[in-house]
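First the proteins, then the strands, lettered A, B, ... as listed; each starts at 1.
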Amino acid sequence: MDAFYSALGAISDPFTLLAIVAGSIIGIVFGSIPGLTFSMALALVLPLTFRFETGAAIGMLLGTYIGGMTGGSVSAILLGIPGTPSAAATVLDGYKMTRNGRAGLALGGAVLASGFGGIFSLLVMIVSVDMVARLAIQFGPVEIFALVLFGLSTICGLAEKSLIRGMIAGIIGLLLMTIGLDDMDGVARMTFGWTPLLQGVDLLVAMVGLFAVPQIMKTLIDYRTDSAFKLNASDIRSELPTRKQLRSSFWLMVRCSGLGTAIGSIPGTGGPIAAFLAYDHARRFSKKPERFGKGSLEGVMAPEASNNAVTGGAMIPLLSLGIPGDPATAVMLGGLLIHGLVPGPMLFTQNKPEVYLIYLAILVAYVAVVVFQYFGIRGFVKLLKIPPHLMAVGILIMCGVGTFAIRNSFLDIYMMVGVGLIGYLLTRARIPVTPIILGLVLGPTLEREFRTAMIMSEGNWSIFFSSISAIIFYLLTIGVIGFHVFSQIREAKTARRDNEQQQGAS
Amino acid sequence: MTTQQTDRLLGIILIVVSALWCFGVVTTIPSLDDGSRLGARGFPLGLGLLLGFLGLLVLLGSLRHSETDGEALVEGAVSASLRVEVWAIFSTVGLLVLYAFLMEYTGFVIATILTTAIAVGPVLRIWRPKLIAGMSFGLSLGIYLIFGKLLGVYLPYGKLINIAF
């Protein structure tokens with residue numbers, strides 16, 4: 001109980017509260033503007049938290065994460081463009097409601113459902129995360145290696161269309177993390193005698209470069225080709241659903257929140273899948289399915305409850321096993337590590353107050369996000385009117401200042417530019433950049449545990465198959481990859497059949 | 001460029017990078033493997049080889065399709081969009097490098113004002129003095145107050161000149 005009181009004391013600190021609120025606002029802003037992702041917001045916010053106490057730093061990061069997930073609905077409803085991929089399902093009915101003159105109700109319903117989904121998933125997380133961690137505490141190097149390998153299989157979910165391209169990105173991340181001084185043998189790797197490289201590629205520098213720089217380039221291209229979004233809506237304010245509407249959607253929100261939490265807890269799935277499944281579920285079980293796609297409030301509340309419930313779900317493997325499930329939680333993992341919190345089973349014994357602090361920060365962040373998004377909608381509408389190319393100039397400056405602040409090094413800014421350029425060229429070659437982060441974050445643990453296990457067994461490879469838990473993780477890894485490969489083959493077959501049918505018809 | 005041509009180029013680049021990487025690993029990292037343990041060379045070498053193998057898969061995949069497959073674009077459209085893309089890449093990289101350079105020698109304030117003004121004026125070609133001045137000074141002052149004063153983030157001092165608000 002002392003740990004809880006300690007966390008309560010930390011969360012009531014005015015600076016911590018301010019940090020959570022600031023993070024929530026930054027998250028909503030980045031989430032609501034199409035093109036600006038909240039993963040980018042997290043990468044930009046992280047260097048600012050260096051001088052904060054752990055509580056304020058973690059609070060600000062969680063606020064940004066939660067604000068970003070919720071903010072995506074603003075542009076989805078007002079512009080018909082999802083601010084985040086998770087809000088893509090919200091567009092289907094949200095934008096129709098705006099065109100029908102019911103934007104206020106759509107925004108109010110989205111805010112309420114988002115808060116409900118988030119807090120629901122927080123409760124599930126509190127109950128389950130400790131249980132998972134208790135199981136994981138018995139893990140040795142072999143099990144941790146197998147677990148991290150399973151974590152890397154989330155690349156399948158992040159690989160978008162091609163598993164090979166996702167694996168290429170993951171390996172680039174793993175290769176980058178080997179640069180610098182090797183912890184175990186104390187030898188320099190791939191530094192070519194250049195001393196500054198001994199400290200390796202900084203995770204944060206890579207994050208800012210990979211998430212922010214390519215986006216600035218894309219915004220400039222949109223500006224020149226005149227394909228940037230434009231907001232025509234004028235005076236808009238949020239409007240809460242009536243008691244009757246709430247009563248009729250309550251169980252739908254509960255079901256969709258459960259669905260979102262479950263999906264979020266599976267690494268590599270994430271908000272978009274949860275939102276579309278929830279939308280489909282809502283339509284199937286609705287009393288008025290014909291209204292879906294024409295401006296149904298249920299069609300807005302179901303995906304919003306579900307995609308926000310993903311936040312709590314994704315925290316379960318992140319906190320208990322140290323496995324990030326999506327780009328944002330990968331950045332979150334980096335943030336926790338930088339502030340001395342090592343997610344995994346030991347977190348629950350060594351950092352109990354911080355664990356309670358995380359729970360409380362999520363709760364406060366959801367309250368802040370709901371309040372700000374509900375009352376501050378006019379401000380966000382104004383923000384959406386700022387031309388994206390001018391916003392890009394501000395982000396460019398932030399990239400420079402934020403990267404410099406990491407280690408007070410100008411070299412880091414040049415490295416960030418280099419990584420960003422590589423990131424852009426990779427995206428042009430249809431290689432997703434998020435698996436690079438996953439490789440950078442999980443790579444050191446993967447190598448360390450593998451080599452430790454080899455030392456323990458004196459070079460006997462059979463040690464990797466000596467534990468039931470490890471074998472289960474290997475099977476899960478094979479299962480995830482197999483499922484992804486199978487889905488890709490099926491999609492390719494369907495596309496080929498459709499193509500043949502079209503050619504036959506013409 | 002069609003998607004097949006892009007894939008072919010990607011495959012070749014990955015194979016070359018993999019070969020260079022493996023050469024670098026073998027020649028610069030001492031081998032400490034003695035059969036009972038994996039030394040510092042094992043992981044980078046294994047990963048380098050895997051990257052080469054994946055590059056080979058991409059290359060072979062692209063060779064399976066004919067030249068005419070893929071998303072071929074109209075020549076004029078390609079050159080126009082490529083010009084814009086190259087402009088965007090050079091502008092972003094150029095502005096960031098300039099910003100880093102200016103910060104090192106003139107400090108945060110001058111660097112932010114100049115970089116923002118160059119970004120809005122010559123790069124975006126928005127020649128509105130009020131907007132340029134407002135954005136340059138606004139960003140500089142805003143970041144100085146929020147980052148420097150409120151959050152206590154260290155903002156760089158210039159080696160040659162330095163101005164603070």
A:A188, part contacting chain B, at a heavy-atom distance under 4.5 Å: backbone
Enumerate, atom names and distances included, each donor-acceptor pair closer than 3.5 Å involving a side-chain atom of residues 97-109 of chain B, sequence neighbours excluded.
residue	atom	partner	partner atom	Å
B:Y99	OH	B:T112	OG1	2.8
B:E104	OE2	B:K159	NZ	2.8
B:T106	OG1	B:L102	O	2.6

Close side-chain approach of A:I168 and B:V58, heavy atoms under 4.5 Å: yes
Full working for side-chain contact (heavy atoms from CB on, under 4.5 Å) between B:L131 and A:L390: CA-CA 10 Å; B:L131 180 75; A:L390 293 182; 4.1 Å; yes
Derivation of the salt bridge (charged side-chain N to carboxylate O under 4.0 Å, His left out) call for B:D7 and A:R165: CA-CA 10 Å; B:D7 283 0; A:R165 283 166 202 279; 2.7 Å; yes
Heavy-atom contact with chain A under 4.5 Å, split by part of B:L57: side chain
Heavy-atom closest contact (B:L139 atom, A:G394 atom, distance): CD1-CA, 4.0 Å
From CZ (B:R125) to CZ (A:R224), nearest 0.5 Å: 4.0 Å
For A:I422, side chain to side chain contact (heavy atoms under 4.5 Å, CB included) partners two or more places apart: A:L426
Pick from A:V401, A:I413, A:L421 with the largest number of heavy-atom pairs that fall under 4.5 Å of chain B: A:V401
Flag if over 12 foreign heavy atoms under 6.0 Å of OH, A:Y414: yes
Toward chain A, the part of B:L10 with a non-hydrogen atom under 4.5 Å: side chain
Residue pair A:I216, B:L95: steps toward the side-chain contact (heavy atoms from CB on, under 4.5 Å) verdict: CA-CA 11 Å; A:I216 296 171; B:L95 283 169; over 6 Å; no
From B:W87 atom CH2 to A:M217 atom CE, the distance as rounded to the nearest 0.5 Å: 11.5 Å
Intermediate values then yes/no, side-chain contact (heavy atoms from CB on, under 4.5 Å), A:L174 and B:L50: CA-CA 11 Å; A:L174 289 168; B:L50 196 53; over 6 Å; no
Spacing of B:S140 atom OG and A:I397 atom CD1 [to the nearest 0.5 Å]: 8.5 Å
From OH (A:Y223) to CG (B:L124), nearest 0.5 Å: 5.0 Å
Nearest atoms (heavy-atom pairs only) where A:L220 meets B:S91: CD1-CB, 4.0 Å
From CG (A:L425) to CD1 (B:I13), nearest 0.5 Å: 8.5 Å
A:M416 CE to B:L96 CG distance, which is reported to the nearest 0.5 Å: 5.0 Å
A:L175 and B:F43: CA distance, side-chain angles, deciding distance, side-chain contact (heavy atoms from CB on, under 4.5 Å) verdict: CA-CA 9 Å; A:L175 285 176; B:F43 246 73; over 6 Å; no
Contacting region of A:I171 [heavy-atom separation from chain B under 4.5 Å]: side chain
Heavy-atom pair of closest approach, residues B:A40 and A:V187: CB-CG2, 3.4 Å
